[in-house]
Each structure stands twice: as C-alpha cells, then as structure tokens.
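Working notes for the structure below.
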Amino acid sequence: MLTPPRPDAPGHVTALIRHFSDLRDRTHGGSVSRDDKEAHFAHAVELLEPIARQALEEINTHLLLGTGRVVATGLQRDADGSLSASWDLAWPEQLATGVAPVRLLAYYGIGFHHPHLRGATVRDWPLNVFTIQDATDQLPIMRAIATSDLHNLVFQADYRIIPAVTRRSTELLPRQTP
C-alpha cells in the first residue's frame, strides 16, 4: 500500500499518487466497472470546464491580444466507444496558416484503464479529478499543456502567428481618450 501524500503535497503530486494507486488496484476513483469510471470522467469534464477556459483565456489575453476564441465540445462519445471533451483556442493567424488550434483534451479511450489530459501536440497526463479542488489543482498542468502546444504550433508555422510578438508596441497600449 502506498503511503498517503502529506497534507502539504502539491495537487499534481497527490493526483499522481491517486493515479499510481489506481493502476495498482485496477480502479479509478474507487470504481471498477467501465460505466462507473465513465461517470467519474463525465463529472471531471464538468469540473474542468472553467479551469480549461481560464488556461486558454490567459493565452488569448496576453499572447493573442484577445483575438482568439475558445470553443468547447462538451462530452462526446466517439465511434469506438471512447469518451472525450475538448477546449480549442483558435485565432486568425493560426487559422490562416492551417496549423491546429491550441487544444486541451480530456479523453477516456475505450481500451484505457483511466482517463487522461493532452494537447494537440503535447501528450498524456493522468486525469484524476473528482472534486472542485482536484480540478483547480490541474490549472498549472493545463497551463503547461496549452503553453507547450502553442510553442509547438509556432514551430509548425512561425512566430508570426502570435499577435503579441508581431504588433507594434504602440498597438499594445490601451487607447486613451482626450
């Protein structure tokens, strides 16, 4: 049996301990059946909605200068029976180059033991969210996924897809009224 995390352990450490314990016990959040695990996943998607939007809106505000738009799919079942939900951040320069949007994806593959988070270009992170606090603890991880995704998309296109880099500094200042 794993020693429970210390009360002062960061959220991502606590989530990893839950993840490793689930692997050991072949459960997810105490559940064994696929149906129960899917119910946990559906609840996790609801809890993550505002956290995912916050991580993407931070990028939109500071790097895309408010030109982007976040689009969420909500919970979806794929043809193979997998479940997923995604939040995409798209903006004009990205669309013009044809690269993917920045994506936060929660998914529970049909052959998977438990769900994961990922980006369009950044791969798997365990998804162990059962409470509002668990969801809030994912904000730094979602920020890292979104930031890494954006970094990788710049390499697929180039730096010109980032408005904060291409606009003159005078365009970045708030307009003053006389």
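At a threshold of 4.5 Å between non-hydrogen side-chain atoms, the residues T67 and L64 count as touching. Looking only at side-chain heavy atoms (C-beta outward), P101 and L89 stay at 4.5 Å or farther from each other. Side chains of L23 and H113 form a contact here, defined as non-hydrogen atoms less than 4.5 Å apart. By the 4.5 Å heavy-atom criterion applied to side chains, Q54 and E57 are not counted as neighbours. By the 4.5 Å heavy-atom criterion applied to side chains, Q94 and V102 are not counted as neighbours. Proximity of I59 to L150: side-chain heavy atoms (C-beta onward) are separated by under 4.5 Å at one or more points.
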Verdict with reasoning, L83 to Q76, per side chain to side chain contact (heavy atoms under 4.5 Å, CB included): CA-CA 6 Å; L83 288 175; Q76 297 181 324; over 6 Å; no
Worked check of side chain to side chain contact (heavy atoms under 4.5 Å, CB included) between H43 and L47: CA-CA 6 Å; H43 183 63; L47 294 172; 3.4 Å; yes
Check against side chain to side chain contact (heavy atoms under 4.5 Å, CB included), W87 and T73: CA-CA 7 Å; W87 299 268; T73 63; over 6 Å; no
Check against side chain to side chain donor-acceptor pair (under 3.5 Å), N152 and Q156: CA-CA 6 Å; N152 293 341; Q156 289 178 13; over 6 Å; no
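Linking ILVMFWY residues whenever their side-chain heavy atoms come closer than 4.5 Å, directly or via other members, places V165 and V99 in the same cluster. Under a hydrophobic clustering in which Ile, Leu, Val, Met, Phe, Trp and Tyr are joined whenever their side-chain heavy atoms come within less than 4.5 Å, directly or via other members, I162 and L95 fall into different clusters.
A tilted orientation is assigned to the rings of H28 and Y108, their planes being inclined by 30° to 60°.
Ion pairing between E58 and R53 fails under the 4.0 Å rule for side-chain N and carboxylate O. The pair D134-R18 counts as a salt bridge, with a side-chain nitrogen and a carboxylate oxygen less than 4.0 angstrom apart. With respect to the salt-bridge test (charged N to carboxylate O, under 4.0 angstrom), the residues E93 and R160 do not qualify.
Taking CG of L127 as the start and OH of Y107 as the end, the distance is 10.0 Å to the nearest 0.5 Å. Residue T14 holds its OG1 atom at 6.0 Å from CD1 of I17, rounded to the nearest 0.5 Å. Remark: R123 CZ to I145 CD1 distance equals 11.5 Å, nearest 0.5 Å. Here the CZ-OG distance, from F41 to S84, works out to 6.5 Å after rounding to the nearest 0.5 Å. Atom CG of residue L117 and atom CG of residue N128 lie 9.5 Å apart, to the nearest 0.5 angstrom. Rounded to the nearest 0.5 Å, atoms CG (L139) and CE (M142) are 8.5 Å apart.
Checking side-chain atoms of W91 against main-chain N and O of I161 turns up a donor-acceptor pair under 3.5 Å. Here the side chain of S82 pairs a donor or acceptor atom with the backbone of I110 at under 3.5 angstrom. No donor-acceptor distance shorter than 3.5 angstrom exists from the side chain of D25 to the backbone of T27, with no hydrogens or angles considered. Side chain of S31 to backbone of K37: no donor-acceptor contact under 3.5 angstrom is found.
Under the ring pair (Phe, Tyr, Trp, His ring centres under 6.0 Å) criterion, H19 pairs with H114, not counting sequence neighbours. Considering only residues two or more places apart in sequence or on other chains, D78 meets the side-chain hydrogen bond (donor to acceptor under 3.5 Å, both in side chains) condition with none of them. The ring pair (Phe, Tyr, Trp, His ring centres under 6.0 Å) search around H151 returns F155, not counting sequence neighbours.
The minimum heavy-atom distance between R34 and G81, with the atom names listed, is NH2-O, 4.0 Å.
Here the options are D149, D88, T121, the test is side-chain hydrogen bond (donor to acceptor under 3.5 Å, both in side chains), and the partner is R103; only D88 passes.
You'll find the ring centres of F130 and H40 inside the 6.0 Å limit.
Counting non-hydrogen atoms of neighbouring residues, nucleotides and ligands closer than 6.0 angstrom, the CZ atom of R77 exceeds 12 such neighbours. Within 6.0 Å of CD1 on I132 lie no more than 12 heavy atoms contributed by other residues, nucleotides or ligands.
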